[in-house]
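Throughout, protein chains are lettered first and strands after them, A, B, ... in sequence-line order, and every chain is numbered starting at 1.
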2 protein chains.
Amino acid sequence: MRSTPAAETFPAQTPAASQVFTTVLSHGPLTRLDAGRRAGLSPAAVTKAVRPLLEAGYLVEGADEEARPALGRPAGLVRVNGERALFIGVKVTGDELIAVLTDLCCRIRLARRTPLPDRSVRKVLASVAGLVHELLVHAAESGAPVLGLGIAVSGDVDRAEGVVRYSPFLEWRDIPLAELAAMAGGLPVTVDNDVRALTVAEQWFGAGAGLSDFAVVTVGAGIGCGLVVHGQVVAGAHGVAGEIGHVVIDPAGPSCHCGNRGCVEAIAGDAAIVTRIREVTGRHVADSAEAVALARQGVPGAREVYARAGEAIGRGIATVANLLGPERVIISGEGLAAYDLFAGQIREAFTAAAFGSAAQCDVQTRPLPFEEWARGAAAAAIQSFITSTPRSGQG
Amino acid sequence: MRSTPAAETFPAQTPAASQVFTTVLSHGPLTRLDAGRRAGLSPAAVTKAVRPLLEAGYLVEGADEEARPALGRPAGLVRVNGERALFIGVKVTGDELIAVLTDLCCRIRLARRTPLPDRSVRKVLASVAGLVHELLVHAAESGAPVLGLGIAVSGDVDRAEGVVRYSPFLEWRDIPLAELAAMAGGLPVTVDNDVRALTVAEQWFGAGAGLSDFAVVTVGAGIGCGLVVHGQVVAGAHGVAGEIGHVVIDPAGPSCHCGNRGCVEAIAGDAAIVTRIREVTGRHVADSAEAVALARQGVPGAREVYARAGEAIGRGIATVANLLGPERVIISGEGLAAYDLFAGQIREAFTAAAFGSAAQCDVQTRPLPFEEWARGAAAAAIQSFITSTPRSGQG
DNA sequence: GCCATTATTTTCCGCTGTCAATAAAAGAAA
DNA sequence: TTTCTTTTATTGACAGCGGAAAATAATGGC
């Protein structure tokens with residue numbers, strides 16, 4: 001039954017050990033005292049938690065040369081040994097696969113992309129296996145073991161079960177992807193929704209580190225949103241959450257594929273912008289790159305389309321802020337390439353529509369290189385590896 | 001410094017004991033086995049947790065006469081002894097105080113309301129003290145001790161600190177209400193936002209019992225929303241959360257006191273409906289009761305105003321469902337008196353605007369008697385009492 | 001009366017994290 | 001150089017929580 005080899009498991013048996021490790025992972029090198037303070041543990045507990053992790057090579061010690069206070073015993077810093085383990089993350093889009101090899105600190109070692117002519121589960125799995133193999137070969141040279149594979153798919157994904165319930169882009173329904181991929185690749189597999197995976201990456205390795213309530217908004221072909229509330233990623237009781245793209249901004253707006261009018265996505269999604277610019281300028285516009293170019297050239301009407309998109313996004317973010325009161329909102333996504341075209345409107349619309357002190361929410365932007373989605377998948381795999389119970393876990 | 005007497009504390013030292021008690025509180029009489037199953041504990045742990053609570057009188061045993069399976073040792077049911085302790089909840093509105101005396105199961109024993117001619121902190125405290133005294137006298141007859149006072153106020157309230165940061169209705173800013181009321185009344189005081197308090201009541205004693213993700217939407221003078229995500233009430237990083245009333249539904253809609261146009265509250269709030277019906281029908285309409293009457297009589301235009309309000313509420317709820325994917329939404333509030341006038345539209349708009357399986361969310365309505373807000377305050381007090389750490393807690 | 005069956009309690013037992021005391025690693029003072 | 005002071009890390013004893021398994025309890029059926 002189990003074709004996957006008994007993979008290495010993470011030597012953090014106790015809650016405290018997990019706690020300490022993730023704290024060090026997210027907050028860089030820390031003294032044992034600081035780690036304890038952050039994790040709410042006594043120094044003694046940190047010492048005990050750290051030892052097996054040092055022995056297993058997941059943590060390393062290194063003293064901080066500069067910035068040492070003149071008095072007292074110098075602090076010994078503890079940090080995660082990124083070299084200790086590698087992970088692979090794969091993002092499956094409608095027409096291509098993006099894969100990255102990362103270390104334990106989720107730093108990208110290598111990225112690959114390959115077109116995906118066929119969306120059948122079989123073919124996708126074969127392509128994934130091919131990419132994974134390629135990355136494994138590279139990883140073998142570095143000597144570090146690859147300990148997990150994360151796969152990110154848009155749509156309704158049940159991470160705990162490893163099942164893709166429904167992915168409209170891929171036209172998949174109830175595919176036990178984790179199991180299938182584990183059989184093909186021999187690695188423990190984590191499957192998650194793409195936006196949630198990206199949110200995990202921000203939560204552990206990005207601008208969300210240490211925050212208990214924040215949101216990630218992705219702007220691109222679709223408009224998505226990952227939410228962290230009470231320190232946990234929101235998954236939704238029925239698999240749907242963070243659908244900011246289908247929040248209705250203007251009931252008189254353009255119609256959306258979801259059946260409504262004036263969704264954020266129907267105004268600010270890539271396709272919507274391209275279509276609208278085509279209509280407004282009368283020119284032929286092939287893709288968003290051209291749309292951006294037209295707007296930057298100052299072609300009449302094109303700028304306004306972006307302005308309107310920015311307004312829609314800003315309103316959507318304000319809605320999230322009004323409902324959840326996050327500490328921070330991180331805007332990211334491929335669409336950020338056009339950020340200069342709508343940044344002002346996003347901020348303006350957000351400030352106008354945020355209620356009371358919800359406006360205090362810190363709205364940031366982060367560039368999103370194309371491998372970022374795949375990195376999110378790797379982050380999910382890292383998370384699974386670290387939090388996996390050391391019992392006989394199945395792929 | 002401490003003018004409050006050393007009040008009785010809840011004898012649940014261990015997490016397991018708290019867990020078991022709240023489980024029994026929310027899910028009625030349970031066998032020890034069932035309680036353990038629900039709380040994720042072994043039967044042995046339940047026995048140990050239950051004993052001190054029985055001894056202290058917070059729990060009582062009672063066998064279930066009917067519905068006993070023919071075989072095996074009959075189960076001994078454990079339930080909360082409501083008589084063991086009483087709590088007082090007070091809701092402060094702009095023009096009146098509502099107070100209730102409840103038992104430990106949050107069942108209302110007595111309700112009182114009194115007009116509030118003056119909103120100064122001094123006067124409000126005096127009125128609260130008067131009402132509390134009156135209820136205390138009644139409570140004394142029953143012999144059960146009153147162990148906590150909850151105060152619910154609309155606006156930005158920091159429950160942990162017991163401070164009202166800003167309440168627009170009362171025009172209060174940074175009032176350490178818990179401390180002030182504790183000095184006046186001699187009871188441990190919990191101060192919370194009114195909608196959050198109501199949400200706590202639903203979470204522990206109502207339709208949210210046992211759910212880890214749900215929302216409470218209140219319809220009335222304002223449109224509010226309390227959220228429970230991952231089993232905890234959402235408070236917002238900056239004190240604002242659940243502001244569904246100021247989610248913009250229609251940028252071309254009527255202007256709202258918050259400065260925007262087309263907020264849910266600007267369409268479906270009591271004042272908005274009355275104003276609009278006045279405009280549409282040309283008649284004099286004094287308050288919502290008259291507005292409802294006109295709509296029920298079939299006066300042309302009045303019904304449509306309610307229909308539009310229902311649509312706005314339904315859209316707002318759909319927005320919550322799209323973003324958070326709650327298991328259930330509980331609609332409540334004074335405005336529910338007009339439920340027959342907009343129920344259809346709420347449901348319709350919700351179904352239309354909910355994305356994908358977010359539409360599976362169970363939308364319920366619950367009548368909201370006038371004392372319900374005060375009961376929410378009592379629920380908050382009960383929660384504080386039960387979860388209070390048995391260290392030297394301050395009032 | 002004995003047995004099967006289910007509920008509850010008891011009796012250990014492992015394990016976790018805290019506490020308080022101790023060691024370690026400096027620079028400062030003598 | 002020695003000794004102090006200061007801050008960090010470690011150690012070992014310890015309390016207590018919750019689990020596993022075995023014992024006990026309460027029934028109805030045979």
Side-chain angles (χ1 to χ4, degrees), chain A residues 9-24 27-55 59-79 387 389-392, chain B residues 10-24 27-55 59-79 387 389-391:
Chain A
T9 56
F10 189 65
Q13 304 78 352
T14 90
S18 263
Q19 189 82 336
V20 167
F21 188 79
T22 56
T23 303
V24 174
H27 300 281
L30 285 176
T31 72
R32 288 168 171 76
L33 230 53
D34 275 337
R37 217 165 292 141
R38 292 228 190 212
L41 292 165
S42 70
V46 177
T47 293
K48 281 184 227 180
V50 156
R51 189 172 5 247
L53 292 168
L54 281 172
E55 277 166 10
L59 292 177
V60 287
E61 289 200 87
D64 187 7
E65 294 315 314
E66 68 273 10
R68 157 154 23 112
L71 216 55
R73 170 176 174 171
L77 293 180
V78 175
R79 62 183 179 76
T387 60
T389 53
R391 303 165 200 167
S392 67
Chain B
F10 190 65
Q13 304 79 350
T14 91
S18 263
Q19 189 83 335
V20 167
F21 188 79
T22 55
T23 304
V24 174
H27 300 282
L30 286 174
T31 72
R32 288 169 173 77
L33 228 55
D34 276 337
R37 217 167 290 142
R38 293 229 190 211
L41 293 164
S42 70
V46 177
T47 294
K48 281 185 248 186
V50 155
R51 186 163 16 240
L53 292 169
L54 281 172
E55 277 167 11
L59 293 176
V60 286
E61 289 200 88
D64 187 7
E65 293 314 314
E66 66 273 9
R68 155 148 31 106
L71 215 54
R73 170 176 174 172
L77 293 179
V78 176
R79 62 182 178 77
T387 61
T389 54
R391 302 165 203 167

Notebook entry, point to check: Does any donor-acceptor pair link the side chain of A:R73 with the base of D:dT8 at a separation under 3.5 Å?
Noted result: yes
Check: For D:dG16, does either OP1 or OP2 sit under 4.0 Å from a side-chain N or O belonging to B:T14?
Finding: no
Contacts under 3.5 Å, N or O only, protein and nucleotides 1-3 of chain D:
none

Notebook entry, point to check: Any side-chain heavy atom of B:V50 sitting closer than 4.5 Å to one from B:F21?
Noted result: no
Check: In Å and rounded to the nearest 0.5 Å, what is the OG1 to CG distance from B:T47 to B:L41?
Finding: 11.0 Å
Next item on the list: List in chain and number order the residues that pass salt bridge (charged side-chain N to carboxylate O under 4.0 Å, His left out) with B:R37, two or more places apart in sequence or in another chain; answer none if no residue qualifies.
Entry: B:D34
Item checked: Nearest heavy atoms of A:V20 and A:A49, plus distance in Å -> CG2-CB, 4.1 Å
Checklist line | Separation of D:dC17 C1' from B:Q19 CD (nearest whole Å) | finding: 14 Å
Notebook entry, point to check: Over its full length, what angle do the end axes of the helix from C:dG1-D:dC30 to C:dA30-D:dT1 make, each axis taken from five pairs and the result rounded to 10 degrees?
Noted result: 30°
Notebook entry, point to check: Which distance, rounded to the nearest 0.5 Å, do you find between the CG of A:L59 and the CG of A:L30?
Noted result: 10.5 Å
Notebook entry, point to check: Can you tell me how far the CZ atom of A:F10 sits from the OG1 atom of A:T387, to the nearest 0.5 Å?
Noted result: 10.0 Å
Next item on the list: Work out which heavy atom in B:S18 is nearest to a heavy atom in B:A12; give both atom names and the distance.
Entry: N-CB, 4.0 Å
Item checked: Straight-line distance of B:E61 CD to B:R32 CZ, nearest 0.5 Å -> 4.0 Å
Next item on the list: Give the minimum heavy-atom separation between B:R79 and B:V24, together with the two atoms involved.
Entry: CA-CG1, 3.7 Å
Checklist line | Strand-adjacent residues in residues 29-37 of chain B, judged by heavy atoms under 4.0 Å from DNA chain C | finding: B:T31, B:R32, B:L33
Note to self: Counting C-beta onward and ignoring hydrogens, is there a side-chain heavy-atom pair between A:V78 and A:P29 closer than 4.5 Å?
What the structure shows: no
Notebook entry, point to check: How far apart are the closest heavy atoms of B:L53 and B:A17, and which atoms are they?
Noted result: CD1-O, 4.3 Å
Note to self: If I take atom CD in residue B:E61 and atom P in nucleotide C:dT9, what distance separates them, rounded to the nearest angstrom?
What the structure shows: 7 Å
Check: Where along residues 41-51 of chain A does a heavy atom fall under 4.0 Å from DNA chain C?
Finding: A:L41, A:S42, A:A44, A:A45, A:K48
Note to self: Run the side chain to side chain contact (heavy atoms under 4.5 Å, CB included) test against B:A44 and tell me which residues pass, sequence neighbours left out.
What the structure shows: B:S42
